[in-house]
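Okay, structure first, notes after.
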Amino acid sequence: MTLMELAEHEGKAKVAIAARVDGVLRDLAVRAPAEGKVEWVTVQDPDGIEIMRHSTAHVMAAAVKELFPEAKITIGPAIENGFYYDFDVEEPFTPEDLKRIEEKMGEIVRAADPFLREDLSKEEALALFSGEPYKEELLADIPDPTVSLYRVGNFLDLCRGPHLPSSGRVGAYKLMNTAGAYWRGDSRNRMLTRIYGIAFAKKKELDLHLHLLEEVKKRDHRRLGKELDLFSVNDEIGPGLILWHPKGAIVRRIMEDFWREEHARAGYDLVFSPHIARIDLWRVSGHLDYYRQSMFSAIGVEGQDYQLKPMNCPFHIQIYKSRMRSYRDLPVRYAELGTVYRYEPSGTLHGLMRVRGFTQDDAHLFLRSDQLDEEIFSLLDFTLFVLRRFGFDRYEIFLSTRPEKYAGTPENWAKAEEALKRALDRKGLSYEVDPGEGVFYGPKIDIKIKDVLGRAWQCSTIQVDFNNPDRFDVAFIGDDGAEHRAIMIHRALMGSLERFFGVLVEHYAGAFPLWLSPVQVDVLTVTDRHVEYGREVVAALRAAGYRAEGDFRNEKLGYKIRESQLDKVPYAIVIGDREVTDRKVSPRRRGGEQLPPVSVEEFLGTLRKETENRKP
RNA sequence: GCCGACGUAGCUCAACGGUAGAGCAUCUGAUUUGUAAUCAGACGGUUGGGGGUUCGAUUCCCUCCGUCGGCUCCA
C-alpha cells in the first residue's frame with residue numbers, strides 16, 4: 001500500500017500532499033511503512049506550502065522547456081511567498097513571454113500530471129541530462145552514487161523532492177518578474193535569467209499578498225520622500241548622495257537631538273572628526289588591506305594622498321591616544337554622528353537604504369577585558385531603548401562570526417564571539433548565528449528591526465574589535481602600573497541616519513508620531529475674517545515650541561483639510577466664527593477624528609501629553 | 001559592477017518616423033467658503049546628454065549618465 005492509498009483510506013487524500021514518516025518528508029507515491037508514525041502534510045503546513053511552491057517551480061520550468069526548448073535548466077527552489085527558477089537562455093524572457101509561460105503552466109496544472117520520482121545511478125542520470133550542462137555540473141558535485149529525479153509530464157529534473165502528488169495540486173500562482181542572477185550566486189559565473197513567481201494555497205491568499213505588495217509600494221520611502229518633500233537625490237550631484245529637504249531635515253534634527261541627549265545621559269563623550277585623513281592612517285587601521293573595495297579613491301593634496309573616510313574608528317582611536325589612560329578612566333565612550341563615504345556599486349544603490357554618503361550614529365568604546373561582558377550587556381539595553389522610542393519593538397538578532405578574510409588571531413576572535421554570546425543569553429534575547437558574516441576586524445551582533453509590515457531592516461550593530469587596538473597600540477595603565485591592551489567596541493544604534501529615516505518613513509507610511517512630525521499642527525481658517533485670530537493661534541503654538549503652520553488661503557475648508565491630511569500632519573485645527581467668538585480652536589486628528597472645541601491652553605496640554613517621553 | 005526594463009512639463013502619464021498632449025501643481029482673476037478637491041484663464045517641454053541612420057527622430061541604431069527590478073555586496 002502506498003501512502004496515497006493510506007491517505008485515501010484515512011479520508012485524507014484531498015488535503016494531504018506529502019507525509020512525514022518518522023519525521024522525514026516523503027512523497028505520497030512511496031510505500032507506506034508497516035509500522036512507524038505517519039503524519040499528513042497539507043498546504044497549511046509550512047513544509048507543505050514549501051513543497052507546493054517548489055513543485056510550482058518545476059511546473060514553470062516544464063512550461064519554459066515546452067515553449068523554449070533551447071533554454072538550459074539550472075535550479076529552482078521555493079522561497080518566501082513563492083519560488084524562482086534560473087534558466088540559461090540567449091534572449092532573456094519578456095513580459096509577454098511570462099504571460100505565455102503562465103498560460104502554459106495553466107495547461108500543465110489542468111492536465112494534472114503526476115510527479116514521478118525515479119532513483120537512478122549517477123551515470124544513468126548523466127545520460128538523461130546530456131545537453132543540460134548545469135545539471136551535469138550539479139550531478140558531478142553530488143557525492144552519492146544514486147540520485148533522485150522527478151518527472152512531471154515531459155519535464156525531467158534532478159531533484160531531492162518531495163513533490164506534490166500531481167501538478168493538479170498546484171495552488172494559486174503568478175509570475176512576477178525576471179531578473180539576472182549569477183550561476184551559483186558567484187559574480188564570476190555566467191549571468192542566468194531568473195523568473196520569480198509567487199504561489200499560495202488559495203487564490204484568496206495570493207490576492208492578499210498582491211494587496212500587501214500594493215501597500216509596500218504605497219509606503220515606499222522614495223515615493224513618500226517626494227510626496228512629502230522630505231529628501232531627494234539628484235543627477236547633477238550624483239547617485240547615492242542624499243539631499244535632506246527642510247521637512248526631512250526637521251525629522252533628522254529631532255532624531256539627532258534625541259540621540260545626543262540620551263548618549264550624554266548614558267555616559268558617552270560626544271566628539272567630532274574630519275572627513276578625510278592621510279592615507280597612512282588607513283594603512284595602519286587595515287582598511288586599505290581589508291576594505292579597499294568599499295573606499296573611494298585617494299585624494300592628492302600637495303603630493304600626499306588623503307582618503308575620504310569610510311569609517312570613524314581611526315579618528316576616535318587617535319582621540320583616545322592623545323593622552324595616557326588609566327584603568328580608572330575606562331570605559332571611555334566616544335560618540336559621533338559621523339558622516340562616512342563608501343563606494344557602493346551603482347546597481348546596489350537604493351533610495352535612502354543604500355547610499356554612498358551617510359551619517360552613522362557611531363561610537364567607540366575602550367574597555368578593560370573585565371568590563372567587556374557588562375558593557376555589551378548594557379549596550380544591548382541602550383540599543384533596545386532607543387529603537388523602542390522610534391516605535392520598533394520586534395527584532396531579528398544575528399551573531400556574526402569570523403569571515404574568511406580577517407585580521408587578528410583566531411583566539412581573540414573566539415574570545416570576542418563568546419562575550420557577545422554571553423551578553424545575548426543573559427539578556428534573554430533569541431538570535432541566530434551567521435557563520436562567517438563578521439566584519440574583518442571582529443565579530444558582531446546585528447539587530448534587524450521589523451517594521452509594521454514585518455519586514456526586517458539592518459540598522460543596529462555591535463562589533464567587538466581586537467584588531468585596531470593592536471594596530472594602533474591602544475593601551476591603558478593598569479593597577480599594576482604596567483601597560484595593557486584595551487578592547488574596543490564599535491557600535492551604531494540607528495546604523496545610518498539615512499537608512500533609519502527611510503525605515504521610519506516606511507514604518508509609519510509617512511505619518512510620523514507627533515514628536516517627529518515635520519509639521520505638527522496646521523491652523524486652518526474658514527474665511528478671511530478668521531485670519532487675525534489664526535495668526536494669534538499659530539504664534540501661541542510656536543511660542544510653546546510646537547511646529548505649527550497657518551493656511552490662510554482663500555480656499556474652502558474641505559480643500560485645506562484635504563491638503564493637511566495628504567501632508568500627514570497630525571493635527572489640523574479649524575478656526576471659524578464660533579472659534580473666534582469663544583477664543584477656542586477645533587482640533588481634528590490626522591485620519592479624521594473630530595475633537596471638541598477647546599482653548600489654546602487646553603490644546604497645548606493635549607500636545608504636551610502626546611509628546612512627553614517621545615511616544616512612538 | 002553584472003542582467004533586464006525604463007527615462008516625455010515641477011509631479012503622474014499619453015502620443016510613436018511627419019513641426020508634443022492631458023490631469024494635478026504653479027500663477028492670475030472671480031468666489032468668502034465649517035471638516036478629503038469652487039470655477040475660469042494663463043504659464044510651462046531643444047522628449048536625460050552626445051553621436052548616427054533618414055528629406056525628416058520623442059519614435060530606429062550606438063554610446064554615456066541616471067532610475068527601477070534582481071544578482072553580488074552591505075549601515
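In what follows, chains are A, B, ... by sequence order, proteins preceding strands, each numbered from 1. Side chains included, hydrogens not; waters and symmetry mates left out as well; all remaining heavy atoms used.
- Residues Phe68(A) and Phe87(A) place their aromatic rings such that the two centres sit no closer than 6.0 Å.
- Taking atom C1' in both G48(B) and U8(B), one finds a spacing of 10 Å when rounded to whole Å.
- Arg499(A) contributes a side-chain N or O that, together with a main-chain N or O of Gln458(A), makes up a donor-acceptor pair within less than 3.5 Å.
- In RNA chain B, stems built from 3 or more consecutive Watson-Crick or G-U wobble pairs, each with both distances under 3.5 Å, span B:1-7 with B:65-71, B:10-13 with B:21-24, B:26-30 with B:38-42, B:48-52 with B:60-64.
- Remark: Glu532(A) CD is loosely packed, at most 12 non-hydrogen atoms of other residues, nucleotides or ligands lying under 6.0 Å away.
- Taking 3.5 Å as the limit, the base of C3(B) and the side chain of Arg194(A) contain no donor-acceptor pair of atoms between them.
- Straight-line distance between the C1' atoms of C11(B) and G7(B): roughly 15 Å, to the nearest whole Å.
- Across U59(B) and U46(B), the matching P atoms stand 15 Å from one another, rounded to whole Å.
- For Met191(A), counting side-chain heavy atoms from C-beta on, the closest listed nucleotide (G1(B), C74(B), G70(B)) is G70(B).
- Computed from coordinates, the Ile195(A) CD1 to C71(B) P distance equals 15 Å when rounded to whole Å.
- Separating the CD atom of Glu344(A) from the P atom of G70(B) is a distance of 17 Å, rounded to the nearest angstrom.
- Look at Tyr196(A) and the base of G70(B); the rings do not stack under the cut-offs of 5.5 Å between centres and 30° between planes.
- Contact check, His350(A) against G69(B): a side-chain N or O comes under 4.0 Å of OP1 or OP2.
- Ring geometry for His275(A) against Tyr341(A) counts as tilted: the plane angle lies between 30° and 60°, on a 0 to 90° scale.
- Side-chain N/O atoms of Arg188(A) and base N/O atoms of C2(B) include no donor-acceptor pair closer than 3.5 Å.
- Taking atom CE on Met176(A) and atom P on C68(B), their separation rounds to 18 Å, with Å as the unit.
- The interatomic distance linking Arg578(A) (CZ) with U35(B) (P) rounds to 9 Å, in whole Å.
- Between Arg222(A) and Asp220(A) there is a salt bridge, since a side-chain N of the basic residue sits under 4.0 Å from a carboxylate O of the acidic one.
- Between G18(B) and G66(B), the distance separating the two P atoms is 32 Å to the nearest Å.
- Ring geometry, Phe200(A) versus His209(A): the interplanar angle falls from 30° to 60°, so the pair is classed tilted.
- For Leu192(A) and G70(B), the CG to C1' distance is 13 Å, given to the nearest whole Å.
- Under 3.5 Å, the side chain of Tyr343(A) and the base of G1(B) form no donor-acceptor pair of N or O atoms.
- To the nearest whole angstrom, the two C1' atoms, one in U28(B) and one in G44(B), are 15 Å apart.
- Nucleotides U47(B) and C16(B), compared at atom C1', are 11 Å apart to the nearest Å.
- Within 4.0 Å (heavy atoms only), Gly558(A) reaches sugar-phosphate atoms of the nucleic acid but no base atom.
- Using a 4.0 Å cut-off between charged nitrogen and carboxylate oxygen, Arg260(A) and Glu256(A) count as a salt-bridge pair.
- Nucleotides U67(B) and U35(B) place their P atoms 45 Å apart, quoted to the nearest Å.
- As a whole-Å value, the separation of Ile445(A) CD1 from A75(B) P is 15 Å.
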Protein proximity profile, nucleotides 5-15 of chain B - base contact B, sugar-phosphate-only contact S, no contact -, cut-off 4.0 Å on heavy atoms:
------SS---
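- The residues Glu262(A) and Arg389(A) are annotated as not salt-bridged, no charged nitrogen and carboxylate oxygen being separated by less than 4.0 angstrom.
- Between Phe385(A) and Phe258(A), the two ring planes are tilted [angle within 30° to 60°].
- C61(B) and A5(B) are spaced 11 Å apart, taking the P atom of each and rounding to whole Å.
- To the nearest 0.5 Å, the span separating CG on Leu566(A) from CD1 on Ile561(A) amounts to 11.5 Å.
- In this structure, Arg356(A) atom CZ and C65(B) atom P are separated by 11 Å, rounded to whole Å.
- Asp522(A) places its CG atom 13 Å from the C1' atom of A36(B), with the value rounded to the nearest Å.
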